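Before any comments, here is the structure.
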There are 2 protein chains.
Amino acid sequence: MTKSNASEANGLPVNQILDGDCIEVMNSLPEGSIDLIFADPPYNLQLKGDLHRPDNSKVDAVDDHWDQFASFKVYDDFTREWLKAARRLLKPDGAIWVIGSYHNVFRMGAELQNQGYWILNDVIWRKSNPMPNFRGKRLTNAHETLIWASKSEDAKPTFNYEALKELNEGIQMRSDWVLPICNGGERLKNGDGEKAHPTQKPEALLHRVLIGTTNPGDVVLDPFFGTGTTGAVAKMLGREFIGIEREEAYRKVAAERLSRVRKFDREALATTTPKRAQPRVPFGQLVERGMLRPGESLISPRGQIAKVRADGTLISGEARGSIHQVGAALESAPSCNGWTYWQFKRDGKTVSIDVLRQQIRAEMHD
Amino acid sequence: MTKSNASEANGLPVNQILDGDCIEVMNSLPEGSIDLIFADPPYNLQLKGDLHRPDNSKVDAVDDHWDQFASFKVYDDFTREWLKAARRLLKPDGAIWVIGSYHNVFRMGAELQNQGYWILNDVIWRKSNPMPNFRGKRLTNAHETLIWASKSEDAKPTFNYEALKELNEGIQMRSDWVLPICNGGERLKNGDGEKAHPTQKPEALLHRVLIGTTNPGDVVLDPFFGTGTTGAVAKMLGREFIGIEREEAYRKVAAERLSRVRKFDREALATTTPKRAQPRVPFGQLVERGMLRPGESLISPRGQIAKVRADGTLISGEARGSIHQVGAALESAPSCNGWTYWQFKRDGKTVSIDVLRQQIRAEMHD
DNA sequence: AGGACCGATGAATCTGGAC
DNA sequence: GGTCCAGATTCATCGGTCC
């Protein structure tokens with residue numbers, strides 16, 4: 001194992017690049033310990049003879065006379081085993097991202113579903129500068145597909161909705177992401193000036209994945225580490241990473257790369273707080289604290305009146321109950337957010353009751 | 001069989017809507033007789049409860065009986081059978097298009113490969129106006145996936161490279177297609193003014209498919225005909241169609257629609273594409289792409305400093321939010337164009353962040 | 001006539017914490 | 001584990017009405 005920055009957290013070898021077959025190494029790590037897995041597995045079986053069975057025996061069918069069905073079988077066996085090992089490692093609310101092209105992504109997607117993973121979204125990385133199709137026999141292959149899945153249907157995976165919305169300038173993030181391919185200064189070269197890895201992923205892609213589906217301190221595993229883009233972005237963003245890579249040349253490039261990466265400071269890593277994370281304020285507290293008086297009138301958007309009662313419930317005609325229940329009753333709606341629905345009068349002006357909730361929350365920060 | 005426009009070509013019931021189960025009907029047609037199949041099968045959506053918009057209106061979901069399958073096993077059996085029947089019908093150089101979402105497309109793609117179909121491209125239909133994710137729990141589901149495959153690896157499928165290039169303003173057509181969903185006047189309604197079919201596809205999508213991968217006079221089969229978009233566009237473009245549809249209500253709507261369709265003149269095919277507006281660039285993309293670093297300082301015209309956060313928001317004193325919001329806060333102004341307001345330092349010089357936006361836009365034109 | 005405003009709606013695996 | 005209920009959540013487009 002390469003342990004230049006060796007450290008341990010909860011028995012996990014975090015911030016290291018582990019040497020070996022990804023399935024074996026994953027099976028050696030403790031069950032239910034990983035928050036997120038990002039996997040960019042190989043699929044170019046014809047050109048790369050580096051695919052091995054779980055028992056490490058060499059696969060002949062791949063570089064032998066090309067037999068589509070035999071090779072799909074081999075690829076499916078490989079996919080099944082590493083996805084199984086990955087699922088064992090995930091915490092119950094953990095999640096996985098896989099990336100691929102039409103050569104392999106359908107097989108990965110089907111196997112994810114077969115194993116009980118629950119697909120949350122498929123995401124299209126739309127390349128702003130793809131390689132053209134020179135022979136004019138196909139469409140320009142201008143995208144790759146990612147699949148984001150939780151460990152099971154009833155899991156509660158991390159999703160930083162607000163942070164992604166901010167990244168997209170206030171509009172909810174879509175399932176198609178326009179990002180350039182990795183080239184220029186970001187593209188790692190070996191000593192001969194050749195690209196160090198054929199499929200190095202752009203850091204921007206991992207930035208979006210990690211901002212959106214992990215929190216600072218989370219442990220992110222990449223079983224096909226390559227040049228370590230996942231590790232580099234994880235380190236910048238204050239996440240822990242574990243990389244697995246069997247090729248020494250890639251481990252070396254990745255380790256050197258990681259040594260140059262610096263973590264962003266804490267303030268920069270803070271992202272927009274979701275409203276759901278803010279402390280709950282019972283409406284009754286406004287009455288207890290005298291911000292609203294029992295008997296005082298609240299006004300609906302359509303001018304209907306409800307009276308505040310001493311226990312923090314409302315009464316309006318036949319309807320009585322919480323601010324939400326009475327609002328829903330007046331609107332004949334299945335639900336209603338009473339905080340944004342009701343207003344009251346102060347000094348001749350009409351004010352939302354949510355202003356009072358914000359006052360209480362502001363005090364709680366002191 | 002509905003044979004209002006009954007005709008025969010090479011023993012094929014062309015330009016008709018056939019009644020019945022698509023597998024049985026396909027098996028009754030002659031082997032090796034079809035040039036192109038376009039298939040929009042049930043997606044096997046698995047919806048639980050109702051979904052309401054934030055304004056409390058209810059989403060009219062796809063809950064039709066024909067979209068219900070008991071298990072992946074049942075869906076896979078169905079997929080295997082209709083793809084097998086489809087492959088028997090194709091001419092040796094014929095091709096197939098299938099469309100789906102992440103619920104079913106991985107299973108279709110894997111089965112296509114298993115049966116010996118050869119995938120030519122996967123194509124992303126990027127919806128310009130998708131339905132948002134109302135609960136903020138996922139990414140906006142903003143695309144669907146099509147797979148274009150030939151009958152076998154050594155086939156020579158029709159591909160009208162030049163025609164697609166023309167459709168794309170002289171640039172090689174990519175594998176991601178931006179098209180609006182089908183609504184407005186094109187969306188077929190039933191007598192009650194409700195949508196006639198829950199998943200009617202836009203004609204523009206079929207236009208591109210048929211222009212790109214068929215020739216005039218080709219026979220196009222759609223085994224899940226629905227409201228007959230495939231037939232309508234085929235007729236307009238001078239292709240023959242065969243539709244199979246087991247729901248009488250859909251057959252009726254489709255037949256009526258087809259009776260109104262007229263074949264285009266050749267000139268009518270030429271369309272002028274309006275100049276696109278400048279693409280919107282989210283500020284967060286500058287951060288994801290490393291053009292600005294989390295923690296880096298931006299400078300206002302009056303020398304005030306704001307720090308960039310990892311989600312593309314700024315923080316300056318008490319103010320936090322988008323580049324526009326923080327700029328407006330510092331100026332006590334109702335609004336502010338952050339792009340022209342903020343600057344940063346590079347190599348000792350002060351540069352407007354708008355320069356970075358222009359860089360990104362320049363790349364997007366490639 | 002034209003612009004502002006409002007309501008409707010689209011293939012969706014769409015909540016979470018307390019008790 | 002089930003039940004209850006607070007309360008958080010939307011973008012682009014079309015078509016109709018109002019000013």
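Each chain gets a letter, A, B and so on, in the order the sequences are listed, and its residues count up from 1. Just so it is clear, the values below take in all heavy atoms, side chains as well, and ignore hydrogens, waters and symmetry mates. Bear in mind that the values here come from a model prediction, so they are computed numbers and not experimental data.
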Item to check | Sidechain N-carboxylate O distance under 4.0 Å for B/Glu248, B/Lys252 | outcome: no
Checklist entry - Closest to the A/Asn337 side chain: C/dT13, D/dT10, D/dT9? => result D/dT9
Checklist entry - Looking at C/dG16, D/dG7, D/dC11, which one has an atom nearest to any side-chain atom of B/Lys137? => result C/dG16
Item to check | Output field: ring centroids A/Trp148/A/Phe159 closer than 6.0 Å | outcome: yes
Item to check | From CA spacing to verdict: salt bridge (charged side-chain N to carboxylate O under 4.0 Å, His left out), B/Asp76, B/Arg107 | outcome: CA-CA 7 Å; B/Asp76 290 345; B/Arg107 316 197 78 82; 2.8 Å; yes
Next on the checklist: Please pick, from D/dT10, D/dC11, D/dT13, the nucleotide with the shortest atom-to-atom distance to any side-chain atom of A/Ile171.
Outcome noted: D/dC11
Next on the checklist: Base, sugar-phosphate or nothing for A/Thr340? Non-hydrogen atoms, less than 4.0 Å.
Outcome noted: nothing
Checklist entry - Are the charged groups of B/Glu245 and B/Arg251 less than 4.0 angstrom apart, N to O? => result no
Item to check | B/Asp60 side chain, from C-beta outward: closest of C/dA11, D/dT10, C/dG10 | outcome: C/dG10
Next on the checklist: Counting only Watson-Crick pairs (N1-N3 plus N6-O4 or O6-N4) and G-U wobbles (N1-O2, O6-N3), all under 3.5 Å, who is the partner of D/dG7?
Outcome noted: none
Next on the checklist: Stacking between B/Phe134 and C/dC14, defined as ring centres under 5.5 angstrom apart with planes under 30°, is that present or not?
Outcome noted: no
Checklist entry - Between C/dT9, C/dT13, D/dT9, which nucleotide has the shortest distance from any of its atoms to the side chain of A/Lys275? => result D/dT9
Item to check | B/Trp177 ring center within less than 6.0 Å of B/His207 ring center | outcome: no
Check: protein-nucleotides 3-5 of chain D nitrogen or oxygen pairs below 3.5 Å:
none

Item to check | Of the listed nucleotides C/dA11, C/dC14, D/dT10, the one nearest the side chain of B/Leu45 | outcome: C/dA11
Next on the checklist: At 4.0 Å (heavy atoms only), tell me whether B/Val105 reaches a base, stays on the sugar-phosphate, or touches nothing.
Outcome noted: nothing
Checklist entry - So, does the side chain of A/Ser335 form a donor-acceptor pair with the base of D/dA8 at under 3.5 Å? => result yes
Item to check | Per A/Arg361 side chain, nearest of listed nucleotides D/dA8, C/dT13, D/dC11 | outcome: D/dA8
Item to check | Spacing of the P atoms in C/dC14 and D/dA12 (rounded, Å) | outcome: 23 Å
Item to check | Shortest side-chain distance from A/Arg280, nucleotide among C/dT13, D/dA6, D/dT9 | outcome: D/dA6
Item to check | Ion pair A/Glu162/A/Lys275, N-O distance below 4.0 Å | outcome: no
Item to check | Nearest to side-chain heavy atoms of B/Arg135, which nucleotide of C/dA11, D/dA8, D/dC14 | outcome: D/dA8
Next on the checklist: By nearest atom, which of the nucleotides C/dT13, C/dA11, C/dG10 is closest to the B/Trp66 side chain?
Outcome noted: C/dA11
Checklist outcome for this item: Walking DNA chain C from its 5' end, the first of B/Tyr102 and B/Pro130 to be reached, judged by nearest nucleotide, is B/Pro130
